[in-house]
Amino acid sequence: MLSTLRNAWKVPELRKKFCWTIFLVAIFRMGTHIPVPGINAEFISRIQEMTQSGLLGFYDLISGGAFSNFSILALGVTPYINASIIMQLLTIAIPSLEQLSKEGQEGRKKIQNATRYVAIVIAIILAIGSVASFGSQGAMISSSSLELVIVIMSLVVGSTFCIWLGDQITVKGFGNGTSILIFVNIISRLPLTVSKVLSLEVDKVALALFIVAVIALLAISIFFSLAERKIPVQYAGKAVGNKVMKGQSTHIPLSIISAAVIAIIFAMSVMGFPKAIAQFFPNSSVSQWIIGSSYSIFNEKTWMYPVIFALLTVFFTWFYNEVTLKPDEMAENLNKSAGFVPGIRPGEQTTEYFEKILARVSIIGGVFAAFLAVTPILVEQYTPFKGIQFGATAVLIVIGVAMDFSRQLQSQMVMRHYEGFLK
């Protein structure tokens with residue numbers, strides 16, 4: 001990979017893409033250290049303690065520490081991620097949006113523009129909610145209306161700027177700008193995570209076992225990220241003019257953990273949102289029950305929390321695969337293109353076959369995603385390695401973005417007939 005990067009740097013056009021990506025990422029990282037005007041410095045130290053784990057910790061992780069610093073980029077690309085998920089689900093539920101998604105590049109461009117507008121609306125809602133919640137804890141230096149408007153506008157403009165930076169990296173870089181920003185944010189927290197691990201008072205044997213476990217977890221995650229269930233497909237021969245095209249054998253690849261990240265985020269939101277709200281009202285009896293009761297499923301110290309978390313992850317993996325892949329449409333499209341699965345009758349039997357395969361893939365992927373989601377919780381509860389902000393979702397995002405970047409780079413080089421660089 002290092003030789004591939006070195007040889008790619010020699011290509012002027014690819015070097016220009018690298019420079020643009022590095023420049024835009026550097027601007028983004030500098031913005032994470034610019035504080036929001038009118039915020040009390042003591043509050044920033046308190047919010048850093050609140051983001052040690054849980055939902056707020058995850059938001060701080062994907063924002064690269066901007067949330068705990070309460071910088072102008074505190075919201076980061078979170079509104080855009082939420083808007084993308086909402087629009088993807090609405091595309092499945094609303095026929096007009098579904099039809100628009102099938103209209104090629106123009107249709108996808110319209111959906112993308114709508115996603116940006118929805119992201120801005122979500123950013124406004126999150127900014128107002130943050131100011132309302134944090135303002136009650138002494139976050140604001142002044143409670144005047146002008147100060148409130150300035151803080152809200154700073155957060156919204158910062159989030160919009162992040163979305164714009166992601167689009168610029170997509171256009172001028174190697175694509176997937178939003179994913180690259182999240183990747184850089186997660187990687188930027190690695191030194192802090194390493195320093196936390198080394199500062200813990202643990203013996204060398206426990207530290208060595210922890211390092212081995214992390215390496216094994218990364219290896220298993222990479223294996224499952226590359227794993228696919230290949231459904232064999234045979235296409236019938238056809239006549240094109242005076243030529244007769246022979247039938248072709250191929251396969252439909254189904255990724256094992258394609259929905260793992262979304263499923264973990266959904267499950268994390270369901271389990272972490274009540275606790276995050278409760279932290280803003282610590283004196284409430286309901287909040288105290290949610291956070292500290294041994295009978296609360298939202299309390300991470302109880303045995304019920306990881307069990308419910310795992311079950312929700314498996315459920316959301318199955319649900320997301322079902323609503324996005326659609327076995328009936330897969331069978332219909334295969335039939336329209338004169339294709340069939342060997343040994344399976346076209347039509348209803350093909351749909352049932354796809355449903356069975358999809359259910360098995362969802363269960364396997366869901367169980368693995370649940371394992372990744374629960375592992376950091378068990379480490380937090382039963383080992384001395386506490387307060388480490390590098391969970392399952394971060395691992396999958398880092399691996400996924402790195403693999404996608406590698407594929408993008410190799411495709412760029414193959415297009416320019418630099419096959420020798422890939423050896």
Side-chain angles (χ1 to χ4, degrees), residues 1 51-65 67 76-78 81 85 176 178-198 200 207-228 255-269 271-272 300 305-306 309-310 312-314 316-317 320 361-362 364-383 385-407:
M1 183 62 189
T51 56
Q52 292 299 313
S53 60
L55 189 61
L56 295 182
F58 172 72
Y59 288 153
D60 185 52
L61 180 64
I62 64 175
S63 68
F67 187 77
V77 294
T78 302
I81 296 173
I85 295 173
N176 296 327
T178 303
S179 299
I180 290 177
L181 291 180
I182 297 175
F183 174 85
V184 172
N185 286 339
I186 295 174
I187 295 299
S188 68
R189 305 301 285 175
L190 272 179
L192 179 61
T193 302
V194 173
S195 65
K196 281 185 177 181
V197 172
L198 296 178
L200 296 174
L207 181 60
L209 290 176
F210 178 77
I211 295 174
V212 171
V214 171
I215 295 175
L217 183 64
L218 288 174
I220 295 173
S221 299
I222 293 173
F223 173 79
F224 273 90
S225 297
L226 295 172
E228 293 179 344
S255 176
I256 301 296
I257 58 171
S258 60
V261 174
I262 299 296
I264 295 174
I265 292 176
F266 282 172
M268 185 185 301
S269 300
M271 299 300 294
E300 295 181 0
Y305 183 89
F309 196 1
L312 284 175
T313 303
V314 175
F316 283 124
T317 302
Y320 193 78
V361 169
S362 299
I364 296 173
V367 170
F368 177 72
F371 166 75
L372 289 180
V374 171
T375 297
I377 300 173
L378 300 179
V379 171
E380 180 78 17
Q381 291 184 10
Y382 301 106
T383 70
F385 300 95
K386 303 182 184 300
I388 301 175
Q389 296 182 2
F390 199 79
T393 312
V395 172
L396 292 177
I397 291 174
V398 168
I399 293 173
V401 175
M403 292 172 55
D404 184 71
F405 177 80
S406 177
R407 286 192 291 264

Problem set entry | side chain to side chain contact (heavy atoms under 4.5 Å, CB included) assessment of L396 paired with L372 | CA-CA 9 Å; L396 292 177; L372 289 180; 3.6 Å; yes

With a 4.5 Å heavy-atom cut-off, do [X] and [Y] have their side chains touching?
X	Y	result
F266	I85	yes
V261	I397	yes
I182	I81	yes
F371	L217	yes

Nearest-0.5 Å distance that lies between atom [atom1] in [X] and atom [atom2] in [Y]:
X	Y	atom1	atom2	value
S225	F368	OG	CZ	7.0 Å
I220	I215	CD1	CD1	12.0 Å
N185	I180	CG	CD1	12.0 Å
F309	I377	CZ	CD1	5.0 Å
I256	S362	CD1	OG	9.5 Å
F183	F405	CZ	CZ	9.0 Å

For [X] against [Y], the heavy-atom pair lying closest together:
X	Y	answer
S221	I257	O-CD1, 4.4 Å
V361	S255	CG1-O, 3.6 Å
V314	A370	CG2-CB, 4.1 Å
T317	A369	OG1-CB, 4.4 Å

Problem set entry | Heavy-atom donor-acceptor pair, S406 side chain to M403 backbone, under 3.5 Å |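 Between the backbone of M403 and the side chain of S406 there is no qualifying donor-acceptor contact (under 3.5 Å).
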
Exercise. With distance as the sole test, does D404 use its side chain to make a donor-acceptor pair with the main-chain N or O of G400 at under 3.5 Å?
Worked result: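 Judged by distance alone, no pair lies under 3.5 Å.
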
Exercise. What residue among I186, T375, L218, V214 forms side-chain contact (heavy atoms from CB on, under 4.5 Å) with V395?
Worked result: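 Filter result, single survivor: L218.
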
